[in-house]
Visitor: 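Sharing a structure, written as structure tokens. Questions coming.
Just so you know, ligand 1 is whichever comes first in the structure, and atom 1 is the first atom listed for that ligand. Computation of the quantities below employed the complete heavy-atom set of this structure, encompassing side-chain atoms and omitting hydrogens, waters and symmetry-equivalent molecules.
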Amino acid sequence: MFHLLVPHYRVESVLELTAERLQQWDITALLLDVDCTLKRYRASGVSAEVADWLSELRRSGVGLCIVSNGRGQRIRQFADPLGLPFIAQAIKPFPLGVRAALRKIGAVPQRTALVGDQVFADVLAGRLAGVKSILVRPMHPEEEPWFTRAKRIPEQWWLKSLQ
Ligand SMILES: [Mg+2]
């Protein structure tokens, strides 16, 4: 059961997920969390580096879809300028939103990874949906609301126990 909380891969930042590396891992599509994964919690958009990274992956033919627990209006305003399809109110850690994203972009679970910063939402949702899970170090977690920061304590404990 605990394997559901173990990411397949861990990286410092999404920028490490180059097209070459994804190819090595046999990953052809990424489902992307938004807050603290693609952008800082309080920012409205992504950094220039993340925008370039997204363009590069798209050029390389990697399938991309946003999967966020955020509300539709906010996620639409984030995803539309980037030209990315999205599933909002995905209710991660439940796998329904992840499955909806797979259908939306026609991706196969075996060659898709969910990229996110939270073990108890992103890793679990990805595992339950049967995709690979890539855990990134959260961008500026000190900006998050208290209920998310509260989850960081057991999360840190769990990640330390994996080492
Ligand atoms: Mg997040």
Side-chain angles (χ1 to χ4, degrees), residues 4-17 21-22 25 27 29-54 57 62-102 104-105 107 109 112-160 162:
L4 292 173
L5 297 174
V6 181
H8 290 82
Y9 303 107
R10 284 174 75 177
V11 293
E12 288 294 307
S13 150
V14 291
L15 302 178
E16 291 177 34
L17 302 172
R21 182 171 283 192
L22 295 177
W25 291 346
I27 290 169
L30 293 181
L31 309 181
L32 300 162
D33 173 53
V34 173
D35 293 313
C36 297
T37 297
L38 291 182
K39 70 167 188 70
R40 296 167 67 143
Y41 185 79
R42 289 189 190 152
S44 57
V46 298
S47 66
E49 290 80 10
V50 170
D52 288 347
W53 169 76
L54 286 167
L57 288 192
V62 176
L64 299 170
C65 186
I66 299 282
V67 183
S68 171
N69 283 356
R71 286 173 189 269
Q73 180 68 3
R74 178 169 79 89
I75 300 308
R76 177 182 298 281
Q77 282 168 1
F78 173 80
D80 279 357
L82 296 168
L84 291 175
F86 67 92
I87 299 291
Q89 290 173 296
I91 55 167
K92 295 174 287 185
F94 296 102
L96 287 112
V98 180
R99 295 207 183 105
L102 287 169
K104 189 160 208 162
I105 62 169
T112 299
L114 175 63
V115 185
D117 64 290
Q118 287 190 46
V119 171
F120 302 117
D122 301 305
V123 173
L124 186 51
R127 286 280 191 175
L128 288 172
V131 302
K132 286 174 182 157
S133 156
I134 301 175
L135 184 69
V136 303
R137 186 184 290 279
M139 295 165 86
H140 293 276
E142 74 282 359
E143 294 179 352
E144 293 175 307
W146 67 270
F147 51 88
T148 311
R149 276 184 319 208
K151 286 195 286 186
R152 296 288 179 199
I153 298 164
E155 184 177 80
Q156 285 311 308
W157 174 84
W158 169 249
L159 289 172
K160 251 186 209 121
L162 291 180

Visitor: Which is it for E143 and R40 under the salt bridge (Lys or Arg N to Asp or Glu O under 4.0 Å) test, yes or no, and what are the steps along the way?
Guide: CA-CA 8 Å; E143 294 179 352; R40 296 167 67 143; 2.4 Å; yes

Visitor: For residues 71-82, run the donor-acceptor check on the side chains, cut-off 3.5 Å, and write out each pair with its distance to 0.1 Å, sequence neighbours left out.
Guide:
unit_1: R74; atom_1: NH1; unit_2: D35; atom_2: OD1; d: 3.3
unit_1: R74; atom_1: NH1; unit_2: D35; atom_2: OD2; d: 3.4
unit_1: R74; atom_1: NH2; unit_2: D35; atom_2: OD2; d: 2.8

Visitor: Sequence neighbours left out, what pairs pass salt bridge (Lys or Arg N to Asp or Glu O under 4.0 Å) with at least one residue falling in residues 127-140?
Guide: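 Only E12-R137 qualify under salt bridge (Lys or Arg N to Asp or Glu O under 4.0 Å).
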
Visitor: Are L102 and L31 close enough that some pair of their side-chain heavy atoms sits under 4.5 Å apart?
Guide: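 Yes. Closest side-chain heavy atoms under 4.5 Å.
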
Visitor: Using a cut-off of 2.8 Å, how many protein N, O or S atoms sit around the Mg ion (ligand 1)?
Guide: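 For the Mg ion (ligand 1), the figure is 3.
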
Visitor: Take atom CZ of F94 as the centre, draw a 6.0 Å sphere, and report whether it contains more than 12 heavy atoms from other residues, nucleotides or ligands.
Guide: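 For F94, atom CZ is not crowded (no more than 12 foreign heavy atoms under 6.0 Å).
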
Visitor: Mind checking salt bridge (charged side-chain N to carboxylate O under 4.0 Å, His left out) for E16 and listing every partner two or more places apart, or none if nothing turns up?
Guide: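 E16: salt bridge (charged side-chain N to carboxylate O under 4.0 Å, His left out) contacts with R21.
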
